[in-house]
S.K.: 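One structure follows; several queries about it will come next.
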Amino acid sequence: MTVRQLQDEIIKLKKQTDTCILAHSYMSEEICEIADFTGDSYALAVKAKATTNKNVIMCGVRFMAEMVKMLNPEKKVILSNPAAGCPMAEQMDKEMILQIKEKYPDYAVVAYVNTTAQLKTIADVCVTSSSAVKICRAIPQKNILFIPDINLGTYVKERVPEKNFKLLSGGCPTHAKINEKEVLAAKSAHPNALFLVHPECRPEVVKHADYVGSTTGIMDFAAKSDAKEFIIGTENAIIQHLQFAHPEKRFYALSKDLVCNNMKATTLSDVYHCLTGDGGEVIDMEESVRLSAVKCIEEMIKYGG
Ligand code: 13P
Ligand code: SF4
């Protein structure tokens, strides 16, 4: 079967089974083409809340599928590849944060969405990379315990000086491994290119950026900009999407190492097998966990929209 034939089968099956396919922008081009909606974590959460289909397939990582389930308890939500986790989401657990909270009782727990459902049960509000600054400014609390990403936390802290932040040392292993030397090398190889970067990168990388934002933010910036060349400082999948969307522009990877193996785990064939009922993982969540965890997602959507 060719890629095109497999895509046609998927399109037919999703209609027959009343299934909506959501894909994070880090998915491959061939998956994004058959998705009903693609976007960053925030956009996917909003879309998940609005979808009317009976079934949802989430092409992304586990915490994203959990978020869809929290917002749609009555729907069958399938994670397209059960091995696709997010290492950052596993770095901190509920017990660890409860212990820290004892030392900082008057701090609001602001959790990046890249956290488990269990951890979300003790968060006051969730944020994504595109909504974090806005939400930290908007919430009534002055003191914020920001978990788990220290790089996103530092980025937000610098932009919200009126609040007190306590940061912990978690983060995305893919974005955090990029250093300033690589930025300088990419800039000297492409002196006319604008540098667009994700806030999960280290501050020494982010400080050189012409634009800092989520995956959707970076893609929108590149689409609207009059510039012709861009260095992309996030997962390399979006370079191909940008290249297809804007063939007249040039996009360069900040580093060949900006690859998330978890986001790369999902294949078109995984999506096909979810639809035929012999693949993926149906997300199951205890109702008590769902009810406590969904509150911080609802708060995020309330503040972030
Ligand atoms: P955004 O989708 O918010 O840009 O986050 C990127 C990411 O690393 C998701 O895991
Ligand atoms: Fe997690 Fe980083 Fe991969 Fe996103 S890119 S899923 S934060 S490991």
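Counting starts at 1 for both ligands and their atoms, in listed order. These figures come from a predicted structure and were not determined experimentally. Along the sequence shown, residues are numbered consecutively beginning with 1.
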S.K.: What do the steps show when you test Lys295 against Glu298 for salt bridge (Lys or Arg N to Asp or Glu O under 4.0 Å), and what is the final call?
M.R.: CA-CA 5 Å; Lys295 283 189 229 148; Glu298 300 275 16; over 6 Å; no
S.K.: Check each atom of ligand 1 against the heavy atoms of Tyr112 and keep those under 4.0 Å away; list them by number with element.
M.R.: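 Under 4.0 Å from Tyr112, ligand 1 has these atoms: 5 (O).
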S.K.: Would you check whether Met88 reaches within less than 4.0 Å of ligand 1, judged by its heavy atoms?
M.R.: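 Flag not set, Met88 not near ligand 1.
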S.K.: Among residues two or more places apart or on two chains, list those pairs meeting ring-ring contact (aromatic ring centres under 6.0 Å, His included) that have a residue in residues 130-177.
M.R.: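 Every ring-ring contact (aromatic ring centres under 6.0 Å, His included) pair that includes a residue of residues 130-177, provided the two are not neighbours, is His175-His198.
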S.K.: Who's the nearest protein heavy-atom neighbour of atom 2 (O) of ligand 1, and how far?
M.R.: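 For this ligand atom, the closest protein heavy atom is His24 NE2, 2.6 Å.
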S.K.: Report, in ascending order of atom number, the atoms of ligand 1 lying under 4.0 Å from any heavy atom of Ser129.
M.R.: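 Counting from 1, the qualifying ligand atoms are 1 (P), 3 (O), 4 (O), 5 (O).
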S.K.: Judging by distance only, is a nitrogen or oxygen of Asn114 under 3.5 angstrom from one on ligand 1?
M.R.: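 Yes, there is a polar N/O contact under 3.5 Å.
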S.K.: Just checking, any donor-acceptor pair under 3.5 angstrom between side chains of Tyr252 and Glu229?
M.R.: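 A donor-acceptor contact under 3.5 Å links the two side chains.
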S.K.: Where's the contact between Tyr26 and ligand 1, heavy-atom distance under 4.0 Å: side chain, backbone, both or neither?
M.R.: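 Just the side chain.
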S.K.: Using distance alone, with no hydrogens and no angle criterion, decide if Tyr26 and Thr234 have a side-chain donor and acceptor under 3.5 Å apart.
M.R.: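 Side chains of Tyr26 and Thr234: pair found under 3.5 Å.
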S.K.: Could you enumerate the protein N, O or S atoms under 2.8 Å from atom 2 (Fe) of ligand 2, written like residue then atom name?
M.R.: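 Listed by chain and number, the atoms are Cys172 SG.
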S.K.: Is it the case that Thr128 and Ser130 place a side-chain donor and acceptor less than 3.5 Å from each other?
M.R.: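 Looking only at side-chain atoms, Ser130 and Thr128 do form a donor-acceptor pair, the distance falling under 3.5 Å.
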S.K.: What is the minimum heavy-atom distance between Val289 and Thr121, and which atoms define it?
M.R.: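 Residues Val289 and Thr121, closest heavy atoms: O-CG2, 3.7 Å.
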S.K.: Side chain, backbone, both or neither: which part of Met219 has a heavy atom under 4.0 Å from ligand 1?
M.R.: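 It is neither part, as no heavy atom is under 4.0 Å.
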S.K.: How close do Ser225 and Lys249 get, counting heavy atoms only, and between which atoms?
M.R.: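 Closest pair (atom of Ser225, atom of Lys249, distance): O-NZ, 2.8 Å.
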S.K.: Of all heavy-atom pairs between Ser25 and Ile238, which one has the smallest distance, and what is that distance?
M.R.: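 Taking every non-hydrogen atom into account, O-CG2, 3.5 Å.
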S.K.: Should Lys302 and Glu299 count as an ion pair when the cut-off is N to O under 4.0 Å?
M.R.: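 Judged by the 4.0 Å cut-off on N to carboxylate O distance, Lys302 and Glu299 do form a salt bridge.
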S.K.: Which residue holds the protein heavy atom closest to atom 5 (O) of ligand 1, what is that atom called, and what is the gap in Å?
M.R.: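 Scanning the protein heavy atoms, the shortest distance from atom 5 (O) of ligand 1 goes to His198 NE2, 3.4 Å.
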S.K.: Using atom types as modelled and distance alone, determine if a side-chain donor or acceptor of Asn114 lies under 3.5 Å from a backbone N or O of Met88.
M.R.: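 Side chain of Asn114 to backbone of Met88: no pair is present.
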S.K.: If you take all heavy atoms of Leu71 and Ala45, which pair is closest and at what distance?
M.R.: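 Between these two residues, the closest heavy atoms are CD1-O, 3.5 Å.
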S.K.: Which atoms from ligand 1 have a heavy atom of Ser41 less than 4.0 Å away?
M.R.: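 Here the atoms of ligand 1 in question are 1 (P), 2 (O), 3 (O), 5 (O), 9 (C).
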S.K.: Which atoms from ligand 1 have a heavy atom of Met64 less than 4.0 Å away?
M.R.: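 So the answer, numbered in order with elements, is 9 (C), 10 (O).
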S.K.: Heavy-atom distances under 4.0 Å decide this one: backbone, side chain, both or neither, for Glu235 against ligand 1?
M.R.: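 It is neither; nothing of Glu235 touches ligand 1.
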S.K.: Report, in ascending order of atom number, the atoms of ligand 1 lying under 4.0 Å from any heavy atom of Asp40.
M.R.: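 In order of number, 1 (P), 2 (O), 4 (O).
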S.K.: Minimum heavy-atom separation for Ile144 to Lys163, with atom names?
M.R.: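 Residues Ile144 and Lys163, closest heavy atoms: CD1-CD, 4.1 Å.
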S.K.: Report yes if some N/O of Thr215 lies less than 3.5 Å from some N/O of ligand 1; otherwise report no.
M.R.: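 Yes.
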S.K.: Would you mind running through ligand 1 and noting each atom that sits below 4.0 Å from a heavy atom of Ser214?
M.R.: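 It comes down to these atoms of ligand 1: 4 (O).
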S.K.: How far apart are the closest heavy atoms of Val206 and Cys201, and which atoms are they?
M.R.: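 Heavy atoms of Val206 and Cys201 come nearest at CG2-O, 3.5 Å.
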S.K.: Please confirm whether Glu200 comes within less than 3.5 Å of ligand 1 when only nitrogen or oxygen atoms on both sides are compared.
M.R.: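 Checking ligand 1 against Glu200, an N or O pair does fall under 3.5 Å apart.
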